[in-house]
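Accompanying notes for the structure given below.
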Amino acid sequence: MNGDGRNSWPVLAFLTACSLLLLAGYTMEKVGVPRAYVIALTAAFTLVLWVAATFAAGTTRAAKFFTAEQALRPGLAAMALAGCVMFPVIITQAGGFIALAPGFLITLSAAIVSGIALSVLLVGSRFRAAGFSDPCELLFRRYQSRLPAQTLAVLLVFAGLLLIMPGIEAAGYLAAWFFNLSRGTAIILVMIAAALTAGLGGIHSTARLGGVAMVTFLLAVNILLLAMAVEGEGIPIGHLSFGSAALEPLWDLEDQLKSLQFKQLSEMMGGISPLLTQAPGVHLAAGILVLLAVVAYPPMMQFFAANASPARTEDAGTRAILIAGFALTSVVAMLVYAGYGFYETLLGLSVSEARIETPVLYSWAGRGTDLVRVCGSAISSAEGLLTACPEGADHILSTSDLTLDGLLFFAAAADFNGYPLALTGFTTASAILLIVTFCASTALATASNFTGAFYMPHLKATGSHRVFWSRLVIAGLVALSAFAVHARWMDAETSLLLGMSITASTVLPAMIAAFYLPQLGFPSVTTAISTGFATSVLYFVLATTGIDFIPANGDEVLLPLPGMPEGLPGPLGGLVGATAAAVILVASLLISAFYAQAERSDTGNETENAAGGLDAA
Amino acid sequence: MRWFSLYRLKRSARPAWWLGVAACVLLFVVALGSALQGRSSESLLAMPFVWFFSLVLLPLALFVIVRQAAKHIERTRR
């Protein structure tokens, strides 16, 4: 993972660490070592990976901090690009996706991959060719005016806050559960990790952690997927066989459970977002919003800017399409197999059999959140399982006896399917590192934009001072996000979608105008950015609470669209905002075309008169 | 240690590279065929496994399209 040369030793060290964790954890569990030691080993593994990626890349040089001295190799840039679009909702709502709306997860995955593709084509190489690290500095230099740059920078602070919040919440939740921490402690640790990753080495350390996290994530998900696909039917390549070998049997089984009036997976899970129960039209709209936001996603643009040349940027971007597509397909396949495997592992077992075969039912009690409750109780020992349900040891477990924490379904998928704890630890560690990368890249991009707009226009601006101010902004942003998460200001999915809405309705129109509409001046661009933001936020307020700011009292205004019986939800107001911004840009184009035509006519008339005068003379 | 390079592998073992690509395509077709076995083609698009195969194909298709488009834009720009 060293970006300075073709050194294979860090890669070997990394693979050795992963193998050691899995082998040691597996052996310890088989020999009978208490689970706490495997969990401690996983904590050490996570910490070592994070420290190695972050601290080795610490720098005070501005060129390295903001653009990695434009020496980022396409492979590492591609991994980091793919890592910064693995949104936390994919991990935390994984259970809900599979139980309720697998089509929504497919739509989201397709939107992310398509967004990367469009970004590479429309924005990537042009942004790299411009030579700046962030869109705000580009706007300032392009239009020679602070107004569009500073307007966008302030709005991106809101977007950054809204995007980091779900990341800190997700990583904190996973860390609190797996490592048995309190919620506050987990949030503080994640906050420190994200702030240090972004603040110590800037894009250099964020890219390295992104590369490490993405590889760990791919390994964890695919090892589990391979194990499940080999045990299942059809060809043992889960990416190809999950549809017919797992999803259709899962739906057939759930139809049978429904007819027998037993609970299905969706009814067993808690923590499922209400967004997943919405109509398919809403899911499609959310996919389109994510696609638009990813096209001009500021963290991605910063990774584009860190490549050596526009051609290398395109190379990194196209590789990122494959890596992100592979990762998302692996996640979908793994979750489908895990859902079906959950039923196969647990259903039909008697309590006395479950004591031996499914230790997951009593291994996770006594933590801040209960992974699984049996007959209404969190069981802390094998003996406790015998007395939890009526009929004692002879009771046959059914879906109606179990309650799951849906937010932990992804992390605990291996445990639910009877695989070693080491694999659960590996999956959880990779998810935490990936979400920390997401938070760090968002914080860094927001800080770069802010200093690019407010500090760089000063005549005496220096790179080292910019680094200093960026670190302050990163620390402030991450701390405020952590406080907001601790105080539960907003639920994670609403926060993420609102952040995406602001990004789609402000950055995207600004970049389209800067690269493709040279005839427009800074007033048009600023108006488009402001209109996009204001429309998105106004729609969110009107759709969520109505003009009186009181939610659910009947005066909410929702846009009726095809496929959405209840209208477009408020957090998706970015679609309305992006449309409003586009209307502003088109209107500005027409007006400038009209004035250009009028000027040409005037110039033509003056030339004719002058010629006529000469001719007359 | 010699750095692994996909480009060098392709150049030095071109027939093996294309053999590998053909094997992947064959595997994909076999998987699709076994999934389609015994199903009616009328409701093909409504079947979930078709969407999931699309999720596998989409990144590959986008990769090829974006590469070709970028090369075309570069040639046009020159």
Side-chain angles (χ1 to χ4, degrees), chain A residues 5-9 11-12 75 82 102-103 105-107 109-121 124-126 129 233-235 237 239-248 250-251 310-311 313-315 317-333 336, chain B residues 1-11 17 20-41 43-78:
Chain A
R6 294 183 174 182
N7 189 356
S8 309
W9 292 112
V11 177
L12 283 177
L105 185 56
I106 300 282
T107 306
S109 306
I112 290 170
V113 171
S114 305
I116 298 175
L118 275 177
S119 185
V120 171
L121 277 177
S125 55
R126 287 174 188 262
E233 293 177 3
I235 56 172
I237 300 177
H239 309 80
L240 298 179
S241 59
F242 70 92
S244 53
L247 185 67
E248 288 181 357
L250 173 70
W251 284 356
T313 300
E314 282 166 0
D315 192 15
T318 48
R319 289 191 204 189
I321 295 170
L322 286 182
I323 295 169
F326 179 63
L328 290 163
T329 309
S330 305
V331 167
V332 171
V336 170
Chain B
M1 176 183 286
R2 192 181 174 80
W3 185 254
F4 175 74
S5 166
L6 193 63
Y7 178 71
R8 284 202 192 114
L9 176 69
K10 279 166 64 177
R11 282 195 66 182
W17 164 257
V21 170
C24 289
V25 170
L26 188 65
L27 204 60
F28 186 85
V29 169
V30 165
L32 183 59
S34 67
L36 276 172
Q37 208 169 15
R39 297 173 195 274
S40 162
S41 60
S43 58
L44 198 66
L45 284 178
M47 294 182 187
F49 73 87
V50 173
W51 311 336
F52 301 132
F53 272 111
S54 305
L55 183 59
V56 171
L57 286 177
L58 179 67
L60 295 171
L62 284 174
F63 176 78
V64 170
I65 290 168
V66 171
R67 282 251 161 158
Q68 294 306 318
K71 279 182 194 165
H72 176 75
I73 292 168
E74 191 58 37
R75 259 185 261 125
T76 314
R77 205 179 289 162
R78 279 189 212 146

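Every chain is numbered from 1, with letters handed out A, B, ... down the list of sequences. These numbers were taken from a predicted model, which means no experiment stands behind them.
For A:V120, the part sitting under 4.5 Å from any heavy atom of chain B is the side chain, from C-beta outward, and nothing else. The contact between B:L60 and chain A is made by backbone and side chain atoms together, counting heavy-atom distances below 4.5 Å. For A:I237, the part lying near chain B is the side chain, with the backbone staying farther off; criterion is any non-hydrogen pair under 4.5 Å.
Contact count versus chain B (heavy atoms, under 4.5 Å) is highest, among A:L328, A:I323, A:L118, A:D315, for A:D315.
Residue B:L62 holds its CG atom at 9.5 Å from CG of A:L322, rounded to the nearest 0.5 Å. We find the CG-CD1 distance between B:L58 and A:I112 to be 11.5 Å, quoted to the nearest 0.5 Å.
Between A:A117 and B:V66, the closest heavy-atom pair is CB-CG2, 3.7 Å. A pairwise comparison of heavy atoms in B:P59 and A:G325 identifies CG-CA, 3.5 Å as the closest pair.
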